[in-house]
Every structure is written in C-alpha cells, then in structure tokens.
Amino acid sequence: MKAARLVDGELAIQDLPVPEPQLEEALIKITASGVCHSDLHLARGDWHGVPRTGSIGHEGIGIVEALGPGAERFVDVGDRVILGLGGAGGGYWCGACKYCLGGSPRHCAQSKPIMGTFAEYFTVWAPSLVVIPGNLSDREAPLACGGLTAYGAVKKLVKHGIVPGSPVAVIGAAGGLGHYAVQLAGAFGYDVVGVDIGAERLDFVKSLGAHMAVDAGDALEVVQQELGGVEASLVFSAKMAGFRLGFDLLAPRGLFVGVGLPATSEGNIEFNPFALFMKDATIIYSAVGTVQDMRELVRLAAEGRVNSHVSRTGPLSELGAIFDDLEASRYLGRAVLTDLSH
Ligand SMILES: [Zn+2]
Ligand SMILES: [Zn+2]
C-alpha cells in the first residue's frame, strides 16, 4: 500500500505492507484524509522537540475491512467510520485512571496518538471509532481534528458560563478550524465576531453566518466601538499577534480560549499582571475532544448545522503541493486527500 511518512523531516510516499489488526483493532481502508495545519507544522519541524521521522495524517474517513480479536464489540466489517480524535490520545486510553474517568483521556498515562491516515490502510483501536451515516460525505474527514477541536472550544463557552446571545470573537475565522467555530458558535446561539485578514476571507466568514466579520487590523477599534468588547475570544491563529488580539478584544471578566498552536519560533504570549487585574479575565486552553464529542459533532454535521469547507482536494501524491498551498494560505477552509492509492 501507499503511505506518506516523514523521514528525517523529508516527506516521502512509500510502499509499505498492509498492517494486520491486533487486539481490539480494526483495519480501515481510508477513503479520505484531511490535511491539518498540525501535519504541516510536523513536516516543517515547527515544534521544537517533536520527532522528525514517522507516519503523518490524523483525519480520516474509511471503511472497516477487518477486525482484530475483541474489536467486534465496537464495530462491524463494512461500517463507514470517522477516525482521528485530533491525533492526540485517540489511539488508546486505559478507561480507568482519573483522567479517563474525568473525561480527558488524552492525559491518560497509557494514551496513544492516532497518526498515519495518509495511507491506503490504517489500523486503529476500535473504541475510538465513530460510525457515520451515509449522508455524511467523505469531504467531512476534517471533522476528525479540525471540526472536533473547534467543537471542543465552543463547548468551553457553555462550561464557563458564557450565555447564548453573547458576542464571541473567533480569531482566524476563515481558517481550517475557525470556519467550524463560526458555524458551531452560531448554532449554539452566540453572536459571532469573525476576525481574519483580507476581503476574500472576510466574505467567506460572513457566508458562514457570522454576525460581524472584521479585519484583524480594525478589530480592536470596531469591537470596542460597537460592542464594548466581547464576552469570549476563541483564538485559532497560528500567529502570536492573534493571541494578543484575542485578549485585547475581551470585555471585563471575559473568557480567553487559546486553541491554535503557533510555531515555537513565534515565542510566548505575555500577560501584564496589571492588565489581568483590570480585565479580571479567565484564561484557558482547549485541545481536541473526546470520542463522545465526535459523536455529537457527527450528528450536527449530518443535520447540516456544520459542514467542512473543502476547497482543495487531490491524491496522496499531491500532499507536498498541498502543504505548500496551506503554508501560503492559497485556499480557504480545509484540504482533503480523496485518493490514497497513488
Ligand atoms: Zn489536526
Ligand atoms: Zn486512563
């Protein structure tokens, strides 16, 4: 089978044997795989200390082809499934530790990632699979990480007492994660202030149902004037300037939700304690989501309340070109590999 791997930081398409499903694993024939910004960060070595050799890709839709022992308790051969869970922690969790029982299995000491969906076949721990309905297209593969991560962040609004009807900023609103957050926060009843850069991207944000779409350069002035600040900022930006803007847009007692993972070279976000005192902000981070979040998100997508905006597709052999396009912001929303066999 064909599979994309990183070898010492270089992208390579290799011929590998089809893997055998082990205990509680399913063998999936991948029919579509989304290209996440994290894959680009891994390929470019943007995150200090992360290995430069290994399988990549962590957003997939496919068909269950074979089952290892015990996997029949979770899925059947022929099921159409979505897999990925944001890459982090979806490959295994123990189910019994304080993190698993507390709803964040990603922190389980035994957790394993899901990495390697840029391949014709992939074996995965079956309890992390979510069976999807027939009306959900293969182009929804990016729900597995981009969509799930945005959904997890929007759910934090509810958890932290931000009531529907409140103005909420989405920083990086036209991007691969932000475009989901605009739709989902709208579906939850929030007034979305979508922040991005350039007329084309702002038109796109408007088309997603945002209450307002403002350029990052004007956002502080416009938001202050029209709203006196937002109740929460969801920051999907890959730039530290976006993190700063998200904080600055907050009204007093606002909620800051960091989601993006800028390159290590972007440096750190700094908060002046006096600014914190004045604003009395709550600062949290939101990472990916659980298999239960994924089931909820699949239901919302099947009902048409959130959809992946896919404007770049191609076979596995075009992955390198897609990385270049993503790096140069040459397409809106998400890219999906629609043929993993060449
Ligand atoms: Zn991802
Ligand atoms: Zn555990």
Side-chain angles (χ1 to χ4, degrees), residues 4 6 11 24 30 32-47 50-51 54-61 82-119 122 124-125 127-128 130 139-154 172 175-181 184 234-238 258-263 285-294 297 301 306 308-310 312 319 322-323 325-327 331 333-337:
L6 289 179
L11 181 65
E24 293 190 342
I30 303 284
S33 185
V35 180
C36 178
H37 214 120
S38 300
D39 297 310
L40 176 65
H41 282 307
L42 290 170
R44 297 293 190 255
D46 283 342
W47 296 329
V50 175
S55 303
I56 52 170
H58 55 276
E59 295 178 341
I61 284 179
I82 189 165
L83 62 150
L85 295 186
Y92 180 76
W93 60 88
C94 82
C97 71
K98 70 172 178 178
Y99 296 113
C100 287
L101 293 173
S104 56
R106 184 172 73 95
H107 297 295
C108 175
Q110 297 183 47
S111 81
K112 290 182 195 154
I114 291 179
M115 222 25 101
T117 61
F118 294 154
F122 185 67
V124 60
W125 191 49
S128 77
V130 174
R139 293 168 76 97
E140 298 294 343
L143 288 174
C145 171
L148 183 69
T149 301
Y151 184 58
V154 171
L177 276 68
H179 85 285
Y180 290 113
L184 289 163
L234 307 177
V235 182
F236 297 95
S237 176
V259 194
L261 282 176
Y285 190 82
S286 182
V288 299
T290 64
V291 70
Q292 179 55 29
D293 292 329
M294 192 70 240
L297 182 61
V306 60
S308 304
H309 185 89
V310 176
R312 177 78 164 90
L319 181 58
I322 291 175
F323 278 160
D325 289 349
L326 175 58
E327 194 163 39
Y331 60 84
R334 274 319 230 197
V336 172
L337 299 177

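Counting convention: from 1, in listed order, for ligands and their atoms alike.
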N, O or S atom of Cys36 closer to the Zn ion (ligand 1) than 2.8 Å:
yes
Check this for me: Tyr331, atom OH, are more than 12 non-hydrogen atoms of other residues, nucleotides or ligands nearer than 6.0 Å?
yes
Would Ile61 and Arg139 count as a side-chain contact (heavy atoms from CB on, under 4.5 Å) if you check the C-alpha gap in whole Å, the side-chain angles of each, and the deciding distance to 0.1 Å?
CA-CA 9 Å; Ile61 284 179; Arg139 293 168 76 97; over 6 Å; no
For Leu177 and Arg334, what are the C-alpha separation, side-chain angles and deciding distance, and is it a side-chain contact (heavy atoms from CB on, under 4.5 Å)?
CA-CA 8 Å; Leu177 276 68; Arg334 274 319 230 197; 3.8 Å; yes
Minimum heavy-atom separation for Ala153 and Leu234, please, with both atom names.
O-CD2, 4.0 Å
Shell of protein N/O/S atoms around the Zn ion (ligand 2), taken as anything under 2.8 Å
Cys94 SG, Cys97 SG, Cys100 SG, Cys108 SG
Please evaluate residues Ser308 and Tyr180 with respect to the criterion side chain to side chain donor-acceptor pair (under 3.5 Å), reporting the C-alpha separation (whole Å), side-chain torsions for both, the decisive distance (0.1 Å), and the verdict.
CA-CA 7 Å; Ser308 304; Tyr180 290 113; 2.6 Å; yes
Give the C-alpha distance, both sets of side-chain angles, the deciding distance and a yes or no for side-chain contact (heavy atoms from CB on, under 4.5 Å) between Val288 and Thr149.
CA-CA 4 Å; Val288 299; Thr149 301; 3.7 Å; yes
Smallest heavy-atom separation, Leu148 atom then Leu85 atom, equals CD2-CA, 3.6 Å
At the Zn ion (ligand 1), what is the angle formed between atom NE2 of His58 and atom SG of Cys145, rounded to the nearest 10°?
110°
